2 protein chains.
Amino acid sequence: MAGRTTGRTPTLEDVARVAGVSRATVSRVVNGIRNVDQDIQEAVRRAIEKTGYAPNRAARSLVTRRAGAVALVVSGAGGHVFGDPFFGRVADGVVDFLRGHGVHPLLMLADTDAARDDILAHLREGGTDGALLVSTHPDDLLTSMVAVAGLPAVVFARTLQRLSYVDVENEVGGALAARHLLSRGCRNLATISGPLDVRTSNERLAGFRVEAGETPTVAGNFTVASGEEAMTTLLAGHPNVDGVFAANDLMAQGALAVLQSTGRSVPTDVAVVGFDDSSAALACRPKLTTVRQPVEDMGAAMAELLLARIQDPSLPPASRIFEPQLVIRDSA
Amino acid sequence: MAGRTTGRTPTLEDVARVAGVSRATVSRVVNGIRNVDQDIQEAVRRAIEKTGYAPNRAARSLVTRRAGAVALVVSGAGGHVFGDPFFGRVADGVVDFLRGHGVHPLLMLADTDAARDDILAHLREGGTDGALLVSTHPDDLLTSMVAVAGLPAVVFARTLQRLSYVDVENEVGGALAARHLLSRGCRNLATISGPLDVRTSNERLAGFRVEAGETPTVAGNFTVASGEEAMTTLLAGHPNVDGVFAANDLMAQGALAVLQSTGRSVPTDVAVVGFDDSSAALACRPKLTTVRQPVEDMGAAMAELLLARIQDPSLPPASRIFEPQLVIRDSA
DNA sequence: GTGAAAGCGCTAACAA
DNA sequence: TTGTTAGCGCTTTCAC
């Protein structure tokens with residue numbers, strides 16, 4: 001900072017001149033390479049301080065062929081992706097892991113074809129060293145997209161492609177919910193599933209049925225409003241329901257509202273179990289008993305898998321499966 | 001894609017050879033510069049197609065001195081920044097605006113000194129062309145940080161520094177809430193404010209008081225739980241409250257829960273107005289009447305201001321102030 | 001309208 | 001252990 005004499009931003013060359021050594025030596029010191037005399041290291045460090053030198057990322061990337069950044073590609077929720085707490089949690093986990101490694105994620109929204117082309121172009125231009133793909137509807141578009149670019153990538157949710165992925169045992173989660181409802185004495189169960197074209201939804205439902213058998217089911221679309229509608233429909237056909245499992249917390253929250261407005265008390269009359277353990281679960285009254293999905297950890301795992309793959313591209317695709325966990329609160 | 005013959009990724013040089021022109025010409029075509037013969041343009045385009053060429057970002061950045069990316073620096077909410085819908089909404093607005101310009105935001109979390117140093121270093125290395133600063137507690141740390149780096153920057157919330165900013169008229173929002181409560185006949189108002197060391201909180205409170213006069217007030221910290229506590233305290237001292245204004249939706253949601261659990265009906269017995277118009281406002285039952293803060297638009301405006309500043313660094317810092325808007329739903 | 005050539009700032013052989 | 005040198009792939013004067 002201090003003592004800068006020139007107008008240009010200082011380069012390796014400037015530091016070298018001040019320290020009385022060669023560019024290469026300065027580069028070595030900057031990059032923490034051994035084999036540099038202690039005294040010289042000290043002199044270089046002083047020169048760096050004096051000149052206010054900071055390495056130029058573009059120049060470095062050009063020769064190392066490393067961008068030092070990864071893409072966090074998201075899609076779903078109709079554009080307002082980050083308003084959705086799910087993506088936010090993933091992002092938190094990703095950021096938290098990455099920053100320990102001096103890497104930052106580049107946020108990209110893949111909601112239209114144009115956007116996808118744009119992202120693809122960016123990846124092909126070497127703007128990032130790899131990609132993290134997160135989508136509520138894991139479009140094949142999205143994954144194939146990266147396959148084309150030939151970059152390391154990690155997907156949230158199982159994938160058939162030769163890509164790494166991170167997922168949660170959704171069936172186990174559904175089963176957890178069913179067992180809990182059953183064990184508290186509920187005998188007339190019903191479920192509000194997610195959209196049936198989403199694998200995750202089906203898995204949660206399947207796991208639930210393994211334990212609870214076939215039960216009345218209405219599909220929602222993961223929103224509070226759809227949870228309300230579903231619950232209303234369910235109640236119309238089965239007024240004596242005493243336990244409901246919703247495939248996510250938002251729909252559970254909607255169910256809660258309908259239940260209460262029809263004079264039923266939760267959990268006394270009807271027990272409700274959600275899925276996710278999002279902030280909505282805690283904001284609800286009664287607080288939601290729910291199946292926790294360790295989303296932040298999963299985001300972190302994605303980042304970890306990706307970084308490993310970037311460091312050693314010869315590594316085969318890997319995966320990490322997480323176990324969901326029942327969090328018992330007040331709604332069941 | 002097709003016809004690639006070499007193992008390396010194709011460069012301008014390769015395209016030039018295939019098209020039978022010089023590197024410079026290819027560069028011109030790629031960058032859409034006029035003054036290139038139509039036929040040659042066509043030939044170059046074909047060569048690009050044939051070779052599967054994509055420009056190298058690092059190389060381009062090195063000479064243009066433009067990273068083609070901006071930093072989205074966030075802090076607050078103790079690390080789980082994006083779990084907070086507020087940041088998510090800002091991010092959505094930012095991403096939405098930026099993508100139209102081929103720019104993507106680099107996510108950075110400034111929650112510790114180490115993290116801030118890291119971010120500062122990144123900025124100084126030219127990793128981004130500017131920064132967007134968003135914090136619930138607009139630390140001076142954060143803003144001064146960028147001032148040092150000398151990069152264009154835009155802050156969410158008014159700032160004293162010579163930086164651009166975007167803000168909302170919080171006083172107006174508070175006044176809007178007060179007038180609404182008053183006009184529906186409430187005569188015993190109370191307010192749940194945000195932390196008193198946050199400017200935003202004070203502004204909302206001040207605006208409310210201009211219209212409603214001094215009313216019982218308890219400070220929360222923007223969480224549902226703190227809203228519950230505050231409402232409980234308020235009720236203990238003023239059981240006849242018939243209208244409450246909370247400085248954000250989450251606290252309003254907490255107030256709602258306490259009100260209902262003490263047998264009061266909303267809005268009949270007590271009317272409640274929140275602030276933000278976050279997703280929580282819609283998820284609540286009754287749905288929250290709230291003061292809408294156009295957060296996405298504000299995020300987009302930040303991005304717009306930043307891009308303008310990057311394109312023409314001689315531009316002076318600018319600002320944009322948004323008007324909040326009362327959204328009447330079911331709670332008041 | 002097009003090409004030749006000079007660099008942007010850095011790393012990484014290779015020599016010394 | 002240190003310095004010399006050759007690029008990385010691109011944009012951009014400056015001639016032609």
Side-chain angles (χ1 to χ4, degrees), chain A residues 4 6-45 47-48 51-68 121-127 129, chain B residues 4 6-45 47-48 51-69 102 121-127 129:
Chain A
R4 190 180 315 166
T6 148
R8 318 188 279 57
T9 102
T11 72
L12 262 195
E13 185 74 51
D14 298 321
V15 178
R17 195 174 324 106
V18 171
V21 298
S22 74
R23 277 207 321 269
T25 298
V26 178
S27 175
R28 289 184 187 109
V29 173
V30 169
N31 294 296
I33 292 175
R34 307 163 299 283
N35 294 350
V36 177
D37 184 275
Q38 281 301 327
D39 293 349
I40 295 199
Q41 281 200 33
E42 199 40 54
V44 169
R45 248 180 269 290
I48 288 177
T51 53
Y53 171 76
N56 177 310
R57 264 185 182 253
R60 179 179 284 174
S61 287
L62 181 55
V63 37
T64 60
R65 295 165 173 294
R66 273 284 185 357
H122 197 282
L123 298 179
R124 301 207 325 128
E125 289 171 8
D129 301 322
Chain B
R4 190 179 315 166
T6 146
R8 319 187 279 59
T9 99
T11 71
L12 261 196
E13 184 74 52
D14 298 321
V15 178
R17 197 175 321 108
V18 171
V21 298
S22 75
R23 276 206 321 267
T25 299
V26 178
S27 175
R28 289 186 186 108
V29 173
V30 169
N31 294 296
I33 292 175
R34 307 162 299 283
N35 294 351
V36 177
D37 185 275
Q38 281 301 327
D39 293 349
I40 294 199
Q41 281 199 35
E42 200 38 55
V44 169
R45 248 180 268 289
I48 288 177
T51 53
Y53 171 77
N56 177 310
R57 266 187 180 252
R60 180 179 283 175
S61 287
L62 181 55
V63 38
T64 60
R65 295 167 172 294
R66 273 283 176 21
H122 196 282
L123 298 179
R124 302 210 322 129
E125 289 171 9
D129 300 322

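Here the structure is a predicted model, which means the values were calculated and not measured. Order of the sequence lines fixes the chain letters, A, B, ..., with proteins taken first and strands second; residue numbering starts at 1 for each chain.
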From D/dG3, D/dG9, D/dT11, pick the nucleotide closest to the side chain of B/T11?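 Given the options D/dG3, D/dG9, D/dT11, the side chain of B/T11 is closest to D/dG9.
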Which nucleotide, D/dG9, D/dT11, D/dT2, lies nearest any side-chain atom of B/L62?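 The answer is D/dG9.
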With the criterion being N/O to N/O and under 3.5 Å, what pairs connect the protein with nucleotides 14-16 of chain D, and how long is each?
none

Atom CD1 of A/I40 to atom P of D/dT1: distance rounded to whole Å?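 So the CD1-P distance, A/I40 to D/dT1, works out to 10 Å.
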Relative to the 5' end of DNA chain C, which residue comes earlier, B/V21 or B/A59, by the nucleotide with the nearest heavy atom?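 Between the two, 5'-proximity favours B/V21.
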Using the closest heavy atom to pick a nucleotide of DNA chain C for each, name whichever of B/R34 or A/A24 lands nearer the 5' end.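 Mapping each residue to its closest nucleotide by heavy atoms, the 5'-most match is B/R34.
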Partners meeting salt bridge (charged side-chain N to carboxylate O under 4.0 Å, His left out) with B/R28 (sequence neighbours left out):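 Partners of B/R28 by the salt bridge (charged side-chain N to carboxylate O under 4.0 Å, His left out) criterion come out as none, since no residue qualifies.
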Chain B footprint on DNA chain C, 5' to 3' - any atom under 4.0 Å from a heavy atom: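 Contact boundaries, 5' end first: C/dG1 to C/dG9.
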Just checking B/R65: base, sugar-phosphate only, or nothing, at a heavy-atom cut-off of under 4.0 Å?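 Sugar-phosphate, no base atom in range.
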Going from OG on B/S22 to CD1 on B/I40, what distance comes out if it is rounded to the nearest 0.5 angstrom?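 Output value for this atom pair is 8.5 Å.
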Atom CD1 in A/I33, atom OG in A/S27: separation rounded to 0.5 Å?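 Separation between the atoms: 6.0 Å.
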Any side-chain N or O of A/N35 under 4.0 Å from OP1/OP2 of D/dT2?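 False: A/N35 side-chain N/O out of range (4.0 Å or more) of D/dT2 OP1/OP2.
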Using the closest heavy atom to pick a nucleotide of DNA chain D for each, name whichever of A/R23 or A/D37 lands nearer the 5' end.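 By nearest-heavy-atom nucleotide position, the 5'-most residue is A/D37.
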